[in-house]
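All values derive from a computational prediction rather than experimental measurement. Each chain gets a letter, A, B and so on, in the order its sequence line appears, and its residues count up from 1.
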Number of protein chains: 4
Amino acid sequence: MADVASRTGRPRRADVEAAVLDATAALVGDRAYAQVTIDAIAARAVVAKTTIYRRWSSKAELAVDALARTLGDPPVDDRDGATAVRAAVGWLAGRVREPDVRHLLVGLVDEAGRDPELRARLRARIRDPFTQALCERWEVEASVVDLVVDVVLGAVLHRIAMSGDIGDGDVESVVDLAVHALFRGPTVSVEP
Amino acid sequence: MADVASRTGRPRRADVEAAVLDATAALVGDRAYAQVTIDAIAARAVVAKTTIYRRWSSKAELAVDALARTLGDPPVDDRDGATAVRAAVGWLAGRVREPDVRHLLVGLVDEAGRDPELRARLRARIRDPFTQALCERWEVEASVVDLVVDVVLGAVLHRIAMSGDIGDGDVESVVDLAVHALFRGPTVSVEP
Amino acid sequence: MADVASRTGRPRRADVEAAVLDATAALVGDRAYAQVTIDAIAARAVVAKTTIYRRWSSKAELAVDALARTLGDPPVDDRDGATAVRAAVGWLAGRVREPDVRHLLVGLVDEAGRDPELRARLRARIRDPFTQALCERWEVEASVVDLVVDVVLGAVLHRIAMSGDIGDGDVESVVDLAVHALFRGPTVSVEP
Amino acid sequence: MADVASRTGRPRRADVEAAVLDATAALVGDRAYAQVTIDAIAARAVVAKTTIYRRWSSKAELAVDALARTLGDPPVDDRDGATAVRAAVGWLAGRVREPDVRHLLVGLVDEAGRDPELRARLRARIRDPFTQALCERWEVEASVVDLVVDVVLGAVLHRIAMSGDIGDGDVESVVDLAVHALFRGPTVSVEP
DNA sequence: TTCTAATCGAGACGGTACGTCAGGTCTTGTT
DNA sequence: AACAAGACCTGACGTACCGTCTCGATTAGAA
């Protein structure tokens, strides 16, 4: 979406964006993203379908923004480095277990496979902000954090997709695994 | 599918199954799972659509079988325990990077989120055989292997979905991470 | 539409065509053709929209068939030449005054202006059969009959479009005018 | 349209009306009335869509005015009564053969069927002026002229709609037919 | 050999969502 | 006020795919 509004013409309704994104998140909390129709989103947001297509060129773009909004930012944490990082990663893992975040992310991962632009958008809006937030506060390398994020998100999503759910213990395990790699470095091979 | 062929009536063509599964894998190698239509599969396999639906009740079920067939079995390995296990997990990670396996799996993960039966089928045909193969030959607990598989598959898939590709080094990292957990136990440090 | 049904595959439902054409005529009796939606026709005929589009490539083609069916054939007439011809033309004029025939014809005339194929279809299905029926029974030239038909239909339609209705006397006048030309020849100029 | 300009506020641009009507006529010369969008007219007239809707309440009203402007008035003719009347009717027939006049009229006829106000407007702006011009100069009854006009316009339009074009001879025939009725009276022979 | 029952090919069918388009209304800032 | 620009709502469009169905034509084993 354009960052600068054009100077002329009727300005865009300011509340439309939030209404549509919230409607999307709400509907996606009940059923999977593929089951949520643009018409249903429009109806719930009390907005015309054409208004949605004027702002987002596809369902996927809309989903990225809805995900970014629903996901939110990790809570601030003043504790010691390792502890705080672990908390942040754990928060992310917890968010992905929620139905709305999960449904959006899974649906997008499916479509991202066939759309490079969507991938870039997904990185820019979802992963990068989280990674940056961590890097700004503690001394960690961005590329390593990216991998940690992918491991955590991927593992949790895949586990739920395969088993319908994931236990608290398994989430802990995955987070531990990833954070351990983050600090010790990921190349701790089993062989001597 | 029926295990026993009925005694009367025209017998089913024996070569149909392989032709359809191969056609599915071939088409899914080029485009994403959602882009591959049943009609296209039927046309490529030179088979009627009805013939497909007589054997598989839905596109998803067909995809599971196609995935199982395309994925194949891990190569036999006579080496020492830890080394062989790592090789097996590494082989799995390598297979998931291939477009056909990846597209099928991602598409199925999407649908599995809203279909418990599909989840069960997916576990039974894809994850369990692999887990069993490992458990039979080496002393590892099934539930731990399951988690390792989910971590590896999920991480690799998610990485590719986010970045379009995954480097050899990152694959190594993920496999190391997972195998390390497999032997040390995943509960490295739940408490701070 | 294809005259010969293909030998293979599920045969087309025989009653669909009549149901759709009747539904079209019925709906077009109430409102103008442009106001009648394909969805409404499908709903009234208890048929899927796709089924309609399988048989008719556009709303206009459907309308031509609906018009041909609704219009019907001129009643048989054993009387003397001139009298019978006048009766036939009068019958045509009377039919065009009916809302369903009128709405269909006006809507088609509008679209025919931008579609040569539709024009040909319109001639073949509507005007030619009527002209032929007259030529077969009495000694009249086809091209002259065509012109007479165009004069009668055009005049009645235009009159109704301009005034909302046309009186019985005016219909008589138009028919007389046209039939007079038919027998005396149209080139009876006012000048000597 | 308002007859008196209000005293306060910015005065209306005087050249807008002509620009819009000309743009309409020009666009309608190429494609059919239904294919010409208000946005296209606005763009061609270098005028905002709101400016158009401030003057005309609908596309149809605009089209009526555009038609009246494009059609123009019959040329003055000082010859003897019958000859001049025939020339005037012939001029009208000739004008209707032009693409712009024809497209506008056909499109309006379609819409007039469902809109009584449009019918009245069409009569007042198109048919009545022509009829009056004839009545003022020669001794003919208005209602008869109206019928003649409807016959000529209807016949020519319908002929073109059915055949794509109309030959000069056929136009002559139609005009002769109509004018003949005008002078002899239309009730040549209602009874057999 | 004839009968029987299931398979196969071909394609019609119902249903659901898609993304687009045009008419007409409304809301800004500018003249 | 009028105007330019463009957002907005409404309603219909024609398309695509899924999964079901109905035919005629096969193709075996059973009677």
Would you be so kind as to tabulate the donor-acceptor pairs closer than 3.5 Å made by side chains of residues 32-50 of chain A, with sequence neighbours excluded?
unit_1: A:Tyr33; atom_1: OH; unit_2: A:Lys59; atom_2: O; d: 2.5
unit_1: A:Thr37; atom_1: OG1; unit_2: A:Ala40; atom_2: N; d: 2.9

Of D:Gln35 and C:Val16, whose closest DNA chain E nucleotide lies nearer the 5' terminus?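 Checking each residue's closest nucleotide, the 5'-ward one belongs to C:Val16.
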
Taking all non-hydrogen atoms of both residues, which atom of [X] and which atom of [Y] are closest, and how far apart?
X        : Y        : result
A:Val64  : A:Leu118 : CG2-CD1, 3.5 Å
C:Arg69  : C:Asp22  : NE-OD1, 2.8 Å
D:Asp100 : D:Ala25  : CB-O, 3.6 Å
D:Ala66  : D:Leu21  : N-CD2, 3.5 Å

Exactly one of B:Val16, B:Thr24, B:Val20 should register a side chain to side chain contact (heavy atoms under 4.5 Å, CB included) with B:Ile52. Which one does?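 The passing option is B:Val20.
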
For A:Arg31, check salt bridge (Lys or Arg N to Asp or Glu O under 4.0 Å) against everything at least two apart and list the hits.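 In terms of salt bridge (Lys or Arg N to Asp or Glu O under 4.0 Å), with neighbours along the sequence ignored, A:Arg31 is linked to no residue.
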
Sorted by first residue and then second, give each salt bridge (charged side-chain N to carboxylate O under 4.0 Å, His left out) pair with at least one member in residues 105-114 of chain C; sequence neighbours left out.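 Every salt bridge (charged side-chain N to carboxylate O under 4.0 Å, His left out) pair that includes a residue of residues 105-114 of chain C, provided the two are not neighbours, is C:Asp110-C:Arg114.
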
Atom [atom1] of [X] and atom [atom2] of [N]: how far apart are they, to the nearest Å?
X       : N      : atom1 : atom2 : answer
D:Trp56 : E:dG23 : CH2   : P     : 15 Å
B:Ile52 : E:dG11 : CD1   : C1'   : 14 Å
C:Arg31 : F:dA12 : CZ    : P     : 10 Å
C:Glu17 : E:dA12 : CD    : C1'   : 14 Å
C:Arg54 : E:dA10 : CZ    : C1'   : 13 Å
C:Leu62 : F:dC13 : CG    : C1'   : 14 Å

With B:Arg119 via side-chain contact (heavy atoms from CB on, under 4.5 Å) - residues at least two apart: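 Testing B:Arg119 for side-chain contact (heavy atoms from CB on, under 4.5 Å), a comparison that skips the adjacent residues, returns B:Ala112, B:Pro116, B:Arg123.
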
Presence of [X] side-chain N/O under 4.0 Å of [N] phosphate oxygens OP1/OP2:
X       : N      : result
D:Arg13 : F:dC3  : no
D:Arg55 : F:dC3  : yes
A:Arg12 : E:dC26 : no

Please list, pair by pair, any protein nitrogen or oxygen found under 3.5 Å from a nitrogen or oxygen in nucleotides 23-30 of chain F.
unit_1: F:dT26; atom_1: O2; unit_2: B:Arg10; atom_2: NH1; d: 3.0

Taking N or O atoms only and anything under 3.5 Å, show me the protein contacts with nucleotides 18-21 of chain E, one pair per line.
unit_1: E:dC18; atom_1: OP1; unit_2: A:Ile38; atom_2: N; d: 3.3
unit_1: E:dC18; atom_1: OP1; unit_2: A:Lys59; atom_2: NZ; d: 3.4
unit_1: E:dC18; atom_1: OP2; unit_2: A:Ile38; atom_2: N; d: 3.0
unit_1: E:dG19; atom_1: OP2; unit_2: A:Tyr53; atom_2: OH; d: 2.2
unit_1: E:dG19; atom_1: O5'; unit_2: A:Tyr53; atom_2: OH; d: 3.2
unit_1: E:dG19; atom_1: N7; unit_2: A:Lys49; atom_2: NZ; d: 3.1
unit_1: E:dG19; atom_1: O6; unit_2: A:Lys49; atom_2: NZ; d: 3.2

